[in-house]
Amino acid sequence: MLNIVLFGPPGAGKGTQAAKLIEKYQLVHISTGDLFRMHIKEQTELGKRVKDLLDNGILVPDSVTIDMLEEEVQKNPDAKGIIFDGFPRTVPQAEALDAFLSSKNSGIKTVLQLDVNEEELKRRIAERRKISGRADDDQDKLVKRIDEYFNKTVHVLPYYQGQNKLTVVNGIGQIEDIFGQLCSSIDTE
Ligand code: AMP
């Protein structure tokens with residue numbers, strides 16, 4: 001299976017690049033942020049539990065996130081591969097994902113990090129907010145989300161570096177150029 005983790009801070013272009021990668025490699029896209037938003041919209045029990053956290057840009061507890069993720073993977077038994085977008089965000093999540101995939105005789109093939117500096121992120125999110133209407137794209141919440149990324153999520157990178165699976169791609173530039181770099185990294189793996 002071609003399982004890929006797409007990694008990067010809010011506003012790095014993960015959604016845009018994920019859409020292109022899915023089309024090219026025929027992969028299933030699993031975005032934990034999208035799943036949480038769907039639960040909130042549908043007012044499920046899970047949605048009610050996580051709404052305040054999402055509205056405030058705070059990470060959902062690992063156990064809740066991991067359970068939801070595993071359930072979503074189980075729904076796609078015939079997938080050629082999965083793009084994990086927004087997951088894992090903590091080392092325990094990364095460890096849980098490895099354990100879960102290896103129980104299915106599978107694993108993560110590569111981790112692609114979209115590298116974008118904080119200045120550019122803030123500019124992009126301000127733009128996105130105009131069209132997305134996402135409550136957590138609000139300026140204060142954004143600072144919190146970026147903090148969560150730099151305080152907690154970046155610690156996942158050494159975990160994958162240690163496994164020799166990490167590729168860093170400059171996330172600033174033309175969408176097609178960035179996509180080309182991601183593809184060549186996948187193809188050479
Ligand atoms: P995203 O759309 O990926 O930026 O995620 C939006 C929000 O969903 C985050 O700010 C968190 O509150 C929550 N979330 C998404 N993925 C995770 C995750 N892997 N672990 C914890 N919380 C998450």
Side-chain angles (χ1 to χ4, degrees), residues 1-44 46-47 49-51 53-90 92-94 96-98 100-101 106 108-116 121 124-125 127-129 131-138 141-142 144-146 148-149 152-154 156-157 160 169 171 175 178-179 182-183 186:
M1 271 175 92
L2 180 55
N3 294 322
I4 297 168
V5 173
L6 197 53
F7 201 89
K14 296 191 297 292
T16 304
Q17 295 297 338
K20 295 174 76 64
L21 291 168
I22 290 153
E23 199 189 345
K24 174 164 170 150
Y25 295 98
Q26 302 288 298
L27 305 173
V28 169
H29 181 211
I30 298 184
S31 154
T32 41
D34 285 351
L35 290 171
F36 284 130
R37 281 185 287 277
M38 193 195 70
H39 278 280
I40 291 170
K41 196 169 157 221
E42 292 177 0
Q43 300 186 338
T44 65
L46 175 60
R49 266 177 84 187
V50 302
K51 185 176 185 315
L53 296 173
L54 263 87
D55 281 352
N56 290 295
I58 298 167
L59 292 187
V60 174
D62 284 337
S63 60
V64 176
T65 309
I66 291 164
D67 285 352
M68 179 183 73
L69 186 278
E70 292 186 357
E71 197 180 302
E72 195 62 24
V73 173
Q74 304 279 28
K75 287 183 194 162
N76 293 281
D78 301 325
K80 282 189 192 169
I82 297 174
I83 293 196
F84 295 95
D85 169 359
F87 185 97
R89 264 168 148 108
T90 64
Q93 290 181 15
L97 181 61
D98 272 349
F100 177 64
L101 292 176
S106 186
I108 293 296
K109 188 166 187 224
T110 184
V111 178
L112 304 170
Q113 181 197 0
L114 286 171
D115 189 28
V116 178
L121 291 177
R124 288 186 187 183
I125 294 249
E127 279 300 305
R128 180 167 89 183
R129 192 175 157 235
I131 42 174
S132 76
R134 273 176 59 173
D136 60 351
D137 278 349
D138 164 294
K141 313 285 168 54
L142 164 65
K144 181 70 200 160
R145 287 168 66 208
I146 293 179
E148 289 281 87
Y149 178 80
K152 295 182 186 162
T153 306
V154 287
V156 174
L157 294 174
Y160 285 119
V169 170
I175 288 174
I178 298 167
F179 180 59
L182 295 175
C183 293
I186 291 170

Between [X] and [Y], what is the shortest heavy-atom contact and its length?
X: Ile66; Y: Ala96; result: CD1-CB, 3.6 Å
X: Leu121; Y: Gly11; result: CD2-C, 3.8 Å
X: Tyr149; Y: Gly8; result: CE1-C, 3.4 Å
X: Val28; Y: Ala79; result: CG2-CB, 3.6 Å
X: Arg145; Y: Pro10; result: NH2-CB, 3.6 Å

How far does [atom1] of [X] sit from [atom2] of [Y], to the nearest 0.5 angstrom?
X: Leu6; Y: Ile83; atom1: CG; atom2: CD1; answer: 6.0 Å
X: Ile82; Y: Met1; atom1: CD1; atom2: CE; answer: 4.5 Å
X: Phe7; Y: Asp115; atom1: CZ; atom2: CG; answer: 11.0 Å
X: Asp55; Y: Ile40; atom1: CG; atom2: CD1; answer: 6.5 Å
X: Asp98; Y: Gln93; atom1: CG; atom2: CD; answer: 12.5 Å
X: Lys41; Y: Asp34; atom1: NZ; atom2: CG; answer: 11.0 Å

Report yes if some heavy atom in the side chain of [X] is under 4.5 Å from a heavy atom in the side chain of [Y]; otherwise report no.
X: Leu69; Y: Pro88; value: no
X: Val5; Y: Phe87; value: no
X: Glu71; Y: Met68; value: no
X: Leu112; Y: Ile186; value: yes
X: Leu114; Y: Pro9; value: no

>> With side-chain hydrogen bond (donor to acceptor under 3.5 Å, both in side chains) as the rule and sequence neighbours excluded, what pairs involving residues 14-24 come up?
In response: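 For residues 14-24: Lys20-Glu176.
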
> Can you pull the side-chain hydrogen bond (donor to acceptor under 3.5 Å, both in side chains) pairs that have at least one residue in residues 76-88, sequence neighbours excluded?
Replying inline: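 Counting only pairs at least two positions apart or across chains, the side-chain hydrogen bond (donor to acceptor under 3.5 Å, both in side chains) contacts touching residues 76-88 are His29-Asp85.
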
>> If we check side-chain contact (heavy atoms from CB on, under 4.5 Å) with Phe84, which of these qualifies: Ile4, Leu97, Val111?
In response: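 Only one option passes, and that is Leu97.
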
> For the side-chain contact (heavy atoms from CB on, under 4.5 Å) test, which of Thr90, Leu54, Thr65 pairs with Leu59?
Replying inline: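 Between Leu59 and the candidates, side-chain contact (heavy atoms from CB on, under 4.5 Å) is satisfied uniquely by Thr90.
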
>> Has Asn3 got a side-chain atom pairing as donor or acceptor with Lys109's backbone, closer than 3.5 angstrom?
In response: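 No, because the side chain of Asn3 does not come within donor-acceptor range (under 3.5 Å) of the backbone of Lys109.
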
>> Using side chain to side chain contact (heavy atoms under 4.5 Å, CB included), reason through Val156 and Arg89 one step at a time and then give a plain yes or no.
In response: CA-CA 7 Å; Val156 174; Arg89 264 168 148 108; 5.7 Å; no

> Yes or no on side chain to side chain contact (heavy atoms under 4.5 Å, CB included) for Leu21 and Cys183, after CA distance, side-chain angles and deciding distance?
Replying inline: CA-CA 8 Å; Leu21 291 168; Cys183 293; 4.2 Å; yes

